[in-house]
Amino acid sequence: MGDDGRSSDLQVGSRVFVHGLASEAGSPLNFRCGEVVKAQEDGRLGVRVTGVEGAPKLIKRLLICLRLQRDCPHRSSLLRGPELLGLSREDRLRLYNKLNQMEKELRYEEARLHSTLPDHAREVVKGKNLLLWAKLLEETSFPDKGVFELMKGVDLVGKPDKSPLFETKEVPAKSSEALLLESAKWRRERLKSRDPHKGDAEATQQLWECTLKDRDNGFLCGPFYDEESVKEHLGVDEFVCSRRFVIEQGTPEKLKLRPIDNYKEGGVNEAYHSLEKLALFDTDWMLAMATYIARVSDSASCIEIVLSTGETLRGELHPFWRERKPVWQGRTLDLEKAYRQVPLSTGSLRLGVVMVTNPESGRPVFFVAQSLPFGASSSVFSFNRLSRSILHLSWTLVGMISGCFYDDFPLLEIDTSAKLTTESFEHLLRRIGWKYSCDPDKYKGFEDTFDLLGIRLTAKDIADGVVTLQNKASRLDKMKDAFIRFGLSGQWNLREVQSLQGQVNFALGFASGRALKMLQRALGSFIREPEVRTAADLRALCEFGIKLLDNCKPRVFGCRGPERPVLIFTDAAYEKGVASYGVVLVDPFTSSRLVGGGKIAPALVDFWKLDSPDQVIGQAEAFAVVLARRALSRFITGRRVLYFVDNEGAREVLIKGSSKSRTLLLLGSIFFEMENKDQSLTWLERVPSASNIADAPSRGEIDETAARINGTVVAFDDTSADESSQRQSDRGPEVMQMFRALILWSLAAAGTCEEALVAYTFAGRGSSDAIQAVLSRVLGLSPTEVVKAFDLKIVANCSRVPPSARTELCFELSDAEDGRIRIAATSGPELAYGASWYLRTRCNMSFSWNRTGGNQVSVPKSWPGVGGKIIKYRKVPMSYFNNVVTFSYSYTWYSFKDWEAWLDWAVLSGVNLVIAYTGQEEIYRKTFNAFGVNNSEFASWSNGAAWLAWSRGQSMHGIGSSCGDGCMPLPFSWMTGQWELQKEILRRSRSLGLVSVLPSFQGNIPPIFRQLYPQANISKTGAAWLDDLDPLFGKIQQRYMEIMIKDWGTDHWYETDGYFNQNQGPWARSHTEGRPWQHSEDVPVDPDAYAHAQAAYQSMSKVDPEAVWLYQGWIWRDWGEDKLPFMKGFVSAVPPKHFVMLDMFDEADPEWNKFNNFGYFGTPFIWSVLHNFGGNTGMWGSIPTLNSEFSDAFQHTASVAGTGAAPEGIDQNPFYYSFLTDLPWQTGPIDLQQWAVTWTQQRYGRSSVDAEEAFRLLLGSVYGNETNSRAIRSRGGFLAEKNADGLTALAMGGGEATPHESWYKLSDVAQAWGKLNTAAKAGVPETMRYDLVNLGREVLGKVSNRFFAQMVNATTPSEVSAAGRNLLAVLADADRLLCSDHGFLASARIRSAKSWAEGNATLERYLELAARSLTTVWTPQEPNSSSITTLCDYANRQWAGQVGGFYTLRHKCYIRQIER
């Protein structure tokens, strides 16, 4: 309409679409149907919008700048501009007078009404003019007539009247007042034991003080110190009670405590019958108002309203606003303790009793609620009806542009009328008696940028068409500070997390963005399940939260751009293991129509399968949306975007961030985080599959779809030469590149989603100083020299996560600006391994056990640069090492110096989890003493020093204590010395970041317990095994662990096998009949197995609630399907993530893939090799098996939690173990030939063609495919892997070292020996010397087989003599060869054993006897005994002195016996 006064097309009764009003969901994209009406007061026109109560006045205010000429009395048009905005001074004076007059007229009736109210209600509504409030609502036609009755008292339970303010959504009550009263007594007793702040004295005191303050303000009545006093006060025979808790709000400087009454726990909320679906006029509502104003007040164009008929109404902006743009401002007014201003009904007082712990007495006391409590469902619905009545009055009486969110009222106004509006609204509230906050932190006047329900809205630019939303800087800082504090301390409490989640909730919304949605849900998991949240969970939460908060950006809404939204249709298909996607974009503004599709990367699909093995269509559908949003960002930035999706699972996660699938949650998180970049307003709508235009391109029909919509084909894959790519638009290559980048980006992000398999965190352990000391020792440098060369740091994470990783454990190498080598890693073992990786790959160094050549180190004059940034991740979180028997076969005589070298090797090899079994006899002695076993009985029961592994956890006792001269019970000096050594080992291990697995009580006890505790369930014969269901087991375990943790501390990992080596107690039997099961879920749980495993774990967790149980799975070998119920019961009994299976023999006989890949029924397991039996010194082990089998397990089951080695003895096969310890860092199978070449160069510190050829030969023979352990197993059982040849064999038969057919060509090994000898001409480092001796030993051992066979198969004494002389000559050669390297000296081991005697000659004889016996006859022979033990030669060693001594003498004895 123009200034000439001609009428507009805007007529009373016209139907219009009003764009920009928020729906109940808060979407400013919704179009609401409205009708043009004439305002009652002055005849001006407005729009009544269906479903938006109070809209005529509101929309009139929004159209104030539209000149609508009408014949009406005063100011019937807006020709005069700003003086008609809001209330004029005359209007304000008129409102003042009216309110004052009405208050005066109703004064006596108001007093009479208050006098009729119950005492508690009268106290709560003191100062309120209820009749004035009701009269104003009646005059302004407020539709909810029942709100007046609410102010007389609200019922906490039952079915209220239906309010016309909200849509209907009926949720029937699950209980009733009668049922609540019937169960009230037992509920109270239960609540007494459920103090939410138990153990938190500060919170208990804070809650008590808050409660007393509420009492003083009249909100509560009390305290009552017993139940009878409450009943007497209320005049009832029963009452319902609920617990109170307190949460913290605000900042640490201005802390606000808010008590919450848990009426859900008390059962009260279950008895409330709700009828409405609340629609709150919140942030989204106010943003819709602001953006609408921005659009209609555009000074550069006329104002337009589109009618439902398609017609457009136009008007001109008032000339005043062309010269001076209006400056919009805002504020939020907050009611003070709003709930507390509303009374409870008299009948609900007995239901509103709250229980609080008195901090002085520690006993619960009671208070009776008199006003609406926080925490009651009734409070929420009732108060929102009341606050809506105040909002209604603000619209109709004050003419405000306002919203309402519970007790907060956000307001928008032009600066020239802001003061009048404030005074008018506050005067209205004062007259009707509603108190509002005058706290300086809350009470703010109108400002250009104001606080809006926890965020900041910038209103001053509305006239320029821009609205900006941002989170309050102080709120973001507070949240970030909380995450940093949690992360640094490793601790959190429930109140802080609840407060933090509340702050995140305020920062969320449709308009303000959903980037924090996943953070909100993560915090919720801490609140719902605090008992299962681990330190790893906390660290991940903090890192995630800090990252999101750092990325939070203001949301800028340009309100005058294209109004029509971009339409994006997406779809996906998944058929025959192949996933594909389709995308169609339609942009009315640019007239762009793009069509694309392609296959989803198989690696990403495989990742999804880890979460959803059977079906990934939901992930594919969500991925298509994420992909479209990222790749098409240039079309959607700052725009409204409608996504059409036909998969509900995908829509659910992309709208609400809700899904049971971790990979879907990851996609949702990525989608939400994109809001910070593209600033688009998104809406996801359901489209039927048959109507989804993206369905066809998702199935490859891309060209056909483009032709159908007259669009452009865009190739979204890497096939740039494809015919379709030739028809790309100018944007095609860019879009295609974005799509490819997103696929790679998504693959990288995928690795961060994997949920921890075990409730434990390895990250952050150890110190950089300890790793610095490792480098100082192995490199022979001073600490200062190490610092000058290396910048070592332990960090929270690395910068990238590869798709193949199930962990965030990593190291990162780079060149520092100061010339040093920078190594950053997530824990000590990763830091050490990163240093080792650098030293090996850049400096040709190598690291191995001291007795297998040790470390090959040559410090360069200047350290080679890294050459860029190198990041490597563990594929699985655990790298495990050790076997319970390694502590007898290899570590028995170790000093701390030996352990120091071993621990250095371990961390340099990336090991982070080790069994720590040293010294436990002293713990057992102290424990058993407490149960009546004296020291002598314990020492006689325990094995001798060399055989302790078998009295700790198997069925052998007293070995070495009574075998004639030299034998004795286990010396106490040995026990205490080993106990002290364990302290040093653990102290060093923890400084390095190695997690030590301590021994737990397993149930094997001295037989004297049968007499001491005759009622206990102890096996009657043989070894004494105590049933863990017997109460005595738990008592012993508790005492044992308390002593052990006090003495040694704990890393919370414990190893116990119970019935190791199939030695089961009579109770360990499967009671479920076996049959072939097709699916793991069909296998029943054996109740007996479940009960025993549960009892064993509970006995640990009672002392250490964080206990993780590591179980050596040797017992499961050779089990059939009939034992599956036992296995399932056993592994299912322990809480998830607290039980880890060590699958010990995966190189030959894996258990995880048996029985249709049941994989221990989802229990996390360590893929481990056993490799060595008894510490034998032979060469074997299939490296090709390692290269392929672990990758196979990783791909086929998500339960692989680590790699490991459980050799019975070490100091052998460094070639094999070097590959094994690198295994968790490899992304898949590698080129073994190239690896062998690289290893050789590092092993000897130089390139050597002959040495490289030698190990190529070994890789194809000793360590090659022919040595596959499954083949060896088929040739004679697993003991055939043991080193058994003529050097150590027992000619008379028996024992464990019978020679067998070789699995490789001896000529290959002999040729390799020759090649290595040739290489040695250029110099012989210690590593090469060991390898030369070891290869020669292997060759001579196999040569000896020929003469040994001739000797034992000879038919005449002369033949025996001839063959025997040849055999003895080979033994002599072998012994001389073995003398040339310290790693093969028996004397070195004997000296180590005798050193523990500290000069005591008797003890020296005992320890030497033990050391010699174990590696020969295994156990000491009884005097005059001619028999051999069953395990004779099991631990045979081809050592100098032992070959030339014991084995030579034994062969000579045989030869002399035959000759005679």
Side-chain angles (χ1 to χ4, degrees), residues 849 851-852 881-894 915 917 943-956 959-960 1060-1062 1112 1114 1117 1144-1145 1147-1149 1168-1181 1205-1214 1216-1217 1267 1269 1272-1273 1276-1290 1294-1300 1334 1337-1338 1341 1378 1383-1384 1386 1389-1390 1392-1393 1410-1421 1428-1439 1441-1443 1446-1447 1450:
W849 296 309
R851 289 170 177 163
T852 59
F881 204 93
N882 276 340
N883 187 313
V884 295
V885 299
T886 320
F887 287 81
S888 285
Y889 284 131
S890 290
Y891 305 144
T892 308
W893 317 119
Y894 266 28
I915 286 180
Y917 255 44
N943 285 341
W947 303 275
L948 290 173
W950 297 276
S951 57
R952 290 166 175 170
Q954 299 191 36
S955 300
M956 301 178 182
I959 298 174
F1060 186 80
N1061 239 12
Q1062 292 88 18
Q1112 285 198 159
W1114 193 252
R1117 291 185 60 256
M1144 297 179 67
F1145 203 19
E1147 80 273 30
D1149 189 25
S1168 176
V1169 302
L1170 201 153
H1171 180 256
N1172 179 275
F1173 293 88
N1176 301 154
T1177 43
M1179 296 175 68
W1180 63 79
E1208 292 191 346
I1210 63 167
D1211 297 334
Q1212 34 78 28
N1213 294 286
Y1216 183 86
Y1217 286 94
T1267 65
S1269 298
I1272 296 173
R1273 182 174 167 78
F1278 69 88
L1279 289 180
E1281 278 194 292
K1282 295 169 55 58
N1283 185 42
D1285 54 41
L1287 296 180
T1288 56
L1290 184 60
E1296 294 281 0
T1298 303
H1300 56 75
N1334 196 32
R1337 179 209 51 75
E1338 186 73 16
L1378 293 167
F1384 293 97
R1389 276 75 173 186
I1390 294 171
S1392 296
R1412 291 182 181 275
S1413 297
L1414 183 66
T1415 59
T1416 53
V1417 294
W1418 208 84
T1419 58
Q1421 298 292 93
I1428 62 171
T1429 61
T1430 305
L1431 293 172
C1432 179
D1433 291 334
Y1434 179 89
N1436 75 86
R1437 310 294 168 86
Q1438 294 177 356
W1439 289 340
Q1442 198 151 306
V1443 170
F1446 177 81
Y1447 295 121
R1450 194 165 67 176

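For the 3.5 Å distance criterion, the side chains of N882 and Y891 qualify, holding a donor opposite an acceptor. There is no side-chain donor-acceptor pair under 3.5 Å between R1437 and Q1442. For the residue pair Y1434 / E1208, a side-chain donor-acceptor distance below 3.5 Å is found, with atom types taken as modelled.
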ask   = Are Y917 and L948 close enough, and set up right, to give a side-chain contact (heavy atoms from CB on, under 4.5 Å), and what steps lead you there?
value = CA-CA 10 Å; Y917 255 44; L948 290 173; over 6 Å; no
inquiry  = Go through it in stages, so that I can follow the logic: the residues are V1443 and R1337, the test is side-chain contact (heavy atoms from CB on, under 4.5 Å), and I'd like the CA-CA distance, side-chain angles, deciding distance and then a yes or no.
reply    = CA-CA 11 Å; V1443 170; R1337 179 209 51 75; over 6 Å; no
key: Check against side-chain contact (heavy atoms from CB on, under 4.5 Å), D1211 and R1389   = CA-CA 12 Å; D1211 297 334; R1389 276 75 173 186; 3.9 Å; yes
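Distance alone, capped at 3.5 Å, places no donor-acceptor pair between the S1413 side chain and the A1410 backbone. For the pair N1176 (side chain) and Q1438 (backbone), a donor-acceptor distance under 3.5 Å is absent. Distance alone, capped at 3.5 Å, is enough to place a donor-acceptor pair between the S890 side chain and the I1210 backbone. A donor-acceptor contact shorter than 3.5 Å is absent between the side chain of T1177 and the backbone of Q1212. Of the possible polar contacts, one joining the E1147 side chain to the H1171 backbone as a donor-acceptor pair under 3.5 Å is found. Not one N or O on the side chain of R1412 forms a donor-acceptor pair closer than 3.5 Å with the backbone of F1446. Within the 3.5 Å criterion, the main-chain N or O of M956 finds a donor-acceptor partner in the side chain of N943. W947 places a side-chain N or O within donor-acceptor distance of the main-chain N or O of W1418, the cut-off being under 3.5 Å. With N1213 contributing its side chain and W1180 its backbone, the two residues share a donor-acceptor pair below 3.5 Å.
The aromatic rings of F1145 and F1173 stand perpendicular to each other, their planes meeting at an angle above 60°, with 30° marking the opposite boundary. Ring geometry for W950 versus Y889: interplanar angle over 60°, hence perpendicular rather than tilted (30 to 60°).
If you take CD1 on I915 and CD on Q1112, they are separated by 4.5 Å, rounding to the nearest 0.5 Å. Atom CG of N1436 is separated from atom CG of L1414 by 11.0 Å, given to the nearest 0.5 angstrom.
Taking all atoms of both residues into account, the shortest heavy-atom contact from S888 to A949 is OG-N, 3.2 Å. Summarising the geometry of W1114 relative to L1170, their closest heavy-atom pair is CZ3-CD1, 3.3 Å, with the distance given to 0.1 Å.
Within the 4.5 Å cutoff, side-chain heavy atoms of Y1217 are placed close to those of N1172.
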